[in-house]
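Note on naming: letters A, B, ... go to the chains in the order of the sequence lines (proteins, then strands), and numbering restarts at 1 for each one.
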Amino acid sequence: DSGVTQTPKHLITATGQRVTLRCSPRSGDLSVYWYQQSLDQGLQFLIQYYNGEERAKGNILERFSAQQFPDLHSELNLSSLELGDSALYFCASSAHPTMEDEQYFGPGTRLTVT
Amino acid sequence: QQQVKQSPQSLIVQKGGISIINCAYENTAFDYFPWYQQFPGKGPALLIAIRPDVSEKKEGRFTISFNKSAKQFSLHIMDSQPGDSATYFCAASSWSGNTPLVFGKGTRLSVIA
């Protein structure tokens with residue numbers, strides 16, 4: 001168990017809808033990362049927050065947004081969902097903001113868009 | 001897009017054998033190369049990582065070999081065990097540029113008895 005929790009585990013929704021994925025980092029970790037894992041694209045970095053501030057941005061669509069709250073949990077919001085957004089979404093956390101700090105991954109949220 | 005190319009996509013190895021997974025990168029600014037292990041239904045977990053100031057790093061049965069001139073690095077799993085059956089991802093980033101991890105597409109390893 002990495003200590004990173006993600007809810008929900010599974011999410012099934014329809015195209016055009018909006019969903020929110022939640023992540024609680026390991027105790028003491030200030031940095032949160034979001035990744036998307038799909039069969040064709042592999043594991044792709046979406047965005048990083050450190051202590052409430054956006055730190056780095058990757059291949060995140062404009063329809064997606066994220067934030068990190070004062071209690072350090074993070075939410076990833078996906079809107080106007082498309083079939084291609086179906087994927088596993090992972091949250092990871094680390095103590096420090098640098099990418100080389102070991103990232104601890106949560107169990108993921110499997111999103112299915114129908 | 002900066003890429004890390006990983007091969008093979010899948011690998012079947014006999015118990016006790018050596019598993020070898022290869023990765024190649026393009027961006028010469030990359031200077032941090034971790035390997036992640038992922039079991040079904042779980043998130044990836046850091047297995048071992050190397051920086052380019054060394055050509056090899058060993059931790060138990062797992063070894064990373066790094067060839068800076070060829071821009072290639074590989075993971076060797078010695079005495080492979082059925083419990084090693086998982087998907088392995090190589091990744092790369094630039095420490096100095098604090099760039100995000102770029103992952104290979106993964107290798108599904110099956111170790112059979």
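A single hydrophobic cluster is seen to contain both B/Ile48 and B/Ile50, as judged by linkage of ILVMFWY side chains at heavy-atom distances under 4.5 Å, directly or through other members. Cluster annotation: A/Leu61 is connected to A/Leu76 through the hydrophobic network of ILVMFWY side chains, with a link wherever side-chain heavy atoms come within less than 4.5 Å. A/Leu46 and B/Val102 fall into different hydrophobic clusters, where Ile, Leu, Val, Met, Phe, Trp and Tyr side chains are chained together by heavy-atom contacts under 4.5 Å.
Heavy-atom neighbours of A/Arg26 CZ from other residues, nucleotides or ligands within 6.0 Å: above the threshold of 12. Counting heavy-atom neighbours within 6.0 Å of B/Glu59 CD, excluding the residue itself, gives a total above 12. In this structure, A/Leu39 places its CG atom where only 12 or fewer heavy-atom neighbours from other residues, nucleotides or ligands lie under 6.0 Å away. Around CD1 of B/Ile112, the count of heavy atoms belonging to other residues, nucleotides or ligands within 6.0 Å exceeds 12.
If you measure heavy-atom distances from A/Phe90 to chain B, the contacts under 4.5 Å come from the side chain alone. Only the side chain of A/Gln37 comes within contact range of chain B, with at least one heavy atom under 4.5 Å from a heavy atom of that chain. If you measure heavy-atom distances from A/Ser2 to chain B, you find no contacts under 4.5 Å at all. Proximity to chain A is limited to the side chain of B/Gln38, based on heavy atoms less than 4.5 angstrom apart. For chain B, the nearby part of A/Arg55 is the side chain; its heavy atoms alone come within less than 4.5 Å.
A/Tyr35 OH to B/Leu101 CG: the interatomic distance, rounded to the nearest 0.5 Å, is 4.5 Å. The distance from atom CG of B/Leu46 to atom CZ of A/Phe105, rounded to the nearest 0.5 Å, is 9.0 Å. Within the model, atoms CG of A/Asp1 and NZ of B/Lys42 stand 7.5 Å from one another, a figure rounded to the nearest 0.5 Å.
With respect to chain A, the highest number of heavy-atom pairs below 4.5 Å among B/Ala45, B/Ala91, B/Pro44 belongs to B/Pro44.
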